[in-house]
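Have a look at the structure below, then the notes.
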Amino acid sequence: MRYLILSDIHANVDALKAVLDHARGEWDSIVCCGDIVGYGPDPNAATEWTAANAAVVVRGNHDKGAVGLADLEDFSPNARAACLWTASVLTPGNVSWLRSLPRGPLDHAEFQIAHGSPADEDEYVMSLVEARPIFQLLKTGLLFFGHTHVQGAWVREERRYFAIQRPRADRERLDIQLQPDGVYLINPGSVGQPRDTDPRAAYAIFDSNSKVVQLRRCAYDHFAVLEKIRRAGLPTILGERLAVGR
Ligand code: ZN
């Protein structure tokens, strides 16, 4: 089985379309690690596409924030403004679908998924030091998570712990061959708002037969999204940051 692993789409349908073109014919099932909405200009289209296409989804903090399930005092001013705008445009059907999303972690036969960490859906796992306690919590040797918008992996193989970074700026993919006794915490990166200094949309593909996870990047027209963000009246910084991946 080949899984298309998406996270942090953030209502950026232009980036999502680019990812789907880039990965065409290379997956059988779709997994989403949350934050379908928030920040971007197309929350209804992103929600409807995910509801129709993703086989497994967990909620993210922005999915909660846009439908009254999170305290917006915990959000930065721009994130809060985006949540309020998103709430004002979401259709009732999309609100109820987002409200019904499960809290992570979710167990799948071949992996687990979470938005932040398996211990706390809102936790940012930013370093190997923060990742180390999570290795003990996993039921399988593989976790896909999001939330940080930073693509990469934390790995335990035998007694060694190490990090794997996103693909180089001049490459579109980086393959991780999973070892039978290894444990892997893998962040596919953010489709709609990368924050790892690479503005290209990020995602991953996991082939459970060959046990390879590919970290992938694909370019898209982020200026078109900036224009939509301007027209929507969202804070323009949310479009400008797409050009620098921060
Ligand atoms: Zn996010």
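What you see below is based on every heavy atom in this structure, not just the backbone, and it leaves out hydrogens, waters and symmetry mates. Since the model is a prediction, treat every value here as computed from it, not as a measurement. We count ligands from 1, going down the list as the structure has it; atoms in each ligand are counted the same way.
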Check ion pair [X]-[Y] (N to O, under 4.0 angstrom):
X: Asp28; Y: Arg2; value: yes
X: Arg24; Y: Asp21; value: yes
X: Arg195; Y: Asp8; value: no

**Report entry** Check: Tyr3 ring centre within less than 6.0 Å of Phe144 ring centre
**Finding:** no
Query raised in the report: What is the name of the N/O/S atom in Asp35 that sits closest to the Zn ion (ligand 1)?
Result: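 Of all N, O or S atoms in Asp35, the Zn ion (ligand 1) lies closest to OD2.
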Query raised in the report: Quick check: does His147 put an N/O/S atom under 2.8 Å from the Zn ion (ligand 1)?
Result: no
Query raised in the report: Mind checking whether the Zn ion (ligand 1) has an N, O or S of His62 under 2.8 Å?
Result: no
Requested in this report: Work out the angle at the Zn ion (ligand 1) between OD1 of Asp8 and NE2 of His149, rounded to 10°.
Outcome: 90°
